[in-house]
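Ligands are counted one by one from 1 in listed order, and the atoms in each one are counted from 1 as well. All heavy atoms count here, side chains included; hydrogens, waters and symmetry mates do not.
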Amino acid sequence: MTAPRIENLTESIAVDAVSALGELEGAAFCARLARAGDDLVEALIALYGAQATPALLERVVGVALAGATARCPALRLRDRLREVDDDWYLGACQIGYATYVDRFCGTLAALPGHLDYLQELGVTYLHLMPLLRPREGESDGGYAVADYRELDPRLGTIADLEAVAAALHERGMNLCVDLVINHTAAEHAWARAAVAGDRRMRARYLTFPDRTVPDLYERTLPEVFPDTAPGSFTDEPAMGRVVWTTFNTWQWDLDYTSPDTFAAMFEEMVSVANRGVDVLRLDAVPFTWKVMGTDCQNQYGAHRLLQAFRALMRVTAPSVVFKAEAIVPAKLLLPYLGGHDAFRPECEIAYNNQLMVMLWSAAASRDANLMVRALRGVGTPPLGTTWVNYLRCHDDIGWAVSDDDAAAAGIDGAAHRRFLADFYADRFTGSHAKGVDFQHNPETGDVRTSGMAAALAGIDQARIDGDELALAGAIRRLVLLYSVVYAYGGIPLIWMGDEIALANDARWQDDPLHAADSRWINRPPMSWEVATRRSVSGSVEERVFSAMRRLGAARRSGDALRADATLAVLDSGNRHVLAFTRHHRRGQRLLALANFGDERQSVSDDLLRASGITSFVTVVSADGPVRVVDGRLTLDGLGYAWLAGA
Ligand code: GLC
């Protein structure tokens, strides 16, 4: 049997590429193929062994060429520009914003009318939550896709999406869109055909004749939604088979051990990218490859799959980058950015879940000690890749505190996880938080938390109590947390409404389709009426919004805030204070300080020397310029400061 070789394809593909794309672009296509070809072939052989045939290679390269040919002139130009500016997402100017279209402004057609608002906040990267046509009824917020080629009709049409992409691009902004590759809705045409007896379509899913094999897998499989969708398999009587359903019963896991599934999903991926998407947020990527006897997450095959997609997308649409949604233990994160024994291009961006968890942990305990250890354990993203840093998103918070990190910080992991779940669901005396539980698993004792950032930071409670002092503290806490998100290496991502301290959605349970899923408490409709108060001096909205704008402006102040500046988390010598430095090779240095304590705290000015800073200016802070007094730097309670120097 012959192994696939890019060289064997080159001649025939060169002819096809030139006839489809013209001489210049055809040659560019072939050059990209030659460049990414080894990565592609290596990944395909690792995934499919003898099934990685020349015919498979020809098929997927054919999809890439058709995809490249279908790109409109504006996107081809974007490809050319970003082949040069290939690490635009590392720029200090990048600020992200994530939102559901319907909750933000109703429809895609209305979205361009709100771009001034986003620009006022400094946003350059807009992540629109799932917008492809979902199944009817409950759809896991759109993560159960029935058709990748159509939009959710409630949001608009493909043409509306293209218009949004063009409007963003015109303003120098980027579009990020979700692509769910682990599963489709049970209502997707592939699944329907499988039920109707189409064997090829059935092979696209993981199905079993009975429960024997599923039961063996279940022995080591954790449950993702133990409350609402226990187990990972669903009986499908119409097909007479048991289907793998990691998430909900109507989300069918795809079988990527079949090369046909891989090739078919790549076609869907290209069709989405070609609407003008700059960043594909690849949903639930740890789950795509299953291995008996494991938790079926983060497997070797899941990484190889991403590498194969990565190589093909580079050939098709070089301006498109991948963002991995891998909410996994910290030590398993870097491989999603290509960090393996050798660097293998995978995703350019990944969610920094560990930072998010540690921010809430430090805010509850007023202590940055555990955070320092945990952040150091995550490691440094490979060159050319970065994090998206965030405080909240549309999902729950899983209390990812490792036992080892906890032990190193002198605390008990299980007890601390319990404390955090209790604290944020307001079951802990002295808690300021108004979150709610998500998916309590009595077997493991695991409880996760839902809630808007403002509610978790204490703003909702202080408003209910009419307590001005507590409110001022809670606002400081929210801004403090975002100050770390903005200063840490990567793209800061604002969750819709946090910029105006939007409260929990009090009516989240009114919709019967949402009532069992508490994550909807942190998916409120945007209130444009509340947003107008950002210009009312002294209002909560103005205090938060203007602070976020200041942080955004400060980010643009220098290269030390670029994602490729080196980051080091320091021992501040004061357990309440997080200190980290950023150093860019062009010379700029920055020391970021964040005091999680309620009282005034100081740290030694040795931290400046440890950061290589001899003289500094305060770029941004909670309370005006910071000065060295008697060899100490002082921050008020819940204060922060970024000190830039050389
Ligand atoms: C991701 C999404 C989450 C969804 C899950 C299944 O984790 O963020 O909202 O439930 O994937 O698609």
Q: Taking Asp227 first and then Arg448, would you say they form a salt bridge - that is, a charged N and a carboxylate O separated by under 4.0 Å?
A: no
Q: Gln307 and Arg310: side-chain hydrogen bond (donor to acceptor under 3.5 Å, both in side chains), yes or no, with the steps?
A: CA-CA 5 Å; Gln307 290 157 24; Arg310 169 67 287 159; over 6 Å; no
Q: Between Phe104 and Tyr97, is the gap from one ring center to the other below 6.0 Å?
A: yes
Q: Verify whether one side chain among Asp178 and His127 offers a donor that lies under 3.5 Å from an acceptor in the other.
A: yes
Q: Show the distances, to 0.1 Å, for all pairs joining an N/O atom of ligand 1 and a protein N/O atom that are shorter than 3.5 Å, listing one pair per line.
A:
from	atom 1	to	atom 2	distance (Å)
ligand 1	7 (O)	Glu325	OE1	3.1
ligand 1	7 (O)	Glu325	OE2	2.8
ligand 1	8 (O)	Arg281	NH2	3.0
ligand 1	8 (O)	Glu325	OE2	3.3
ligand 1	8 (O)	His394	NE2	2.8
ligand 1	8 (O)	Asp395	OD2	2.5
ligand 1	9 (O)	His394	NE2	3.0
ligand 1	9 (O)	Asp395	OD1	2.7
ligand 1	9 (O)	Asp395	OD2	3.4
ligand 1	9 (O)	Arg519	NH1	3.2
ligand 1	10 (O)	Asp140	OD1	3.0
ligand 1	10 (O)	Asp140	OD2	2.7
ligand 1	10 (O)	Arg519	NH1	3.1
ligand 1	11 (O)	Asp283	OD1	2.8
ligand 1	11 (O)	Asp283	OD2	3.1
ligand 1	12 (O)	His183	NE2	3.1
ligand 1	12 (O)	Asp283	OD2	2.9

Q: Any salt bridge between Arg192 and Glu187, counting N to O under 4.0 Å?
A: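 No, this pair does not count.
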Q: Verify whether the ring centers belonging to His183 and Phe287 lie closer than 6.0 Å.
A: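 Judged by ring-centre distance (under 6.0 Å), His183 and Phe287 do not meet the cut-off.
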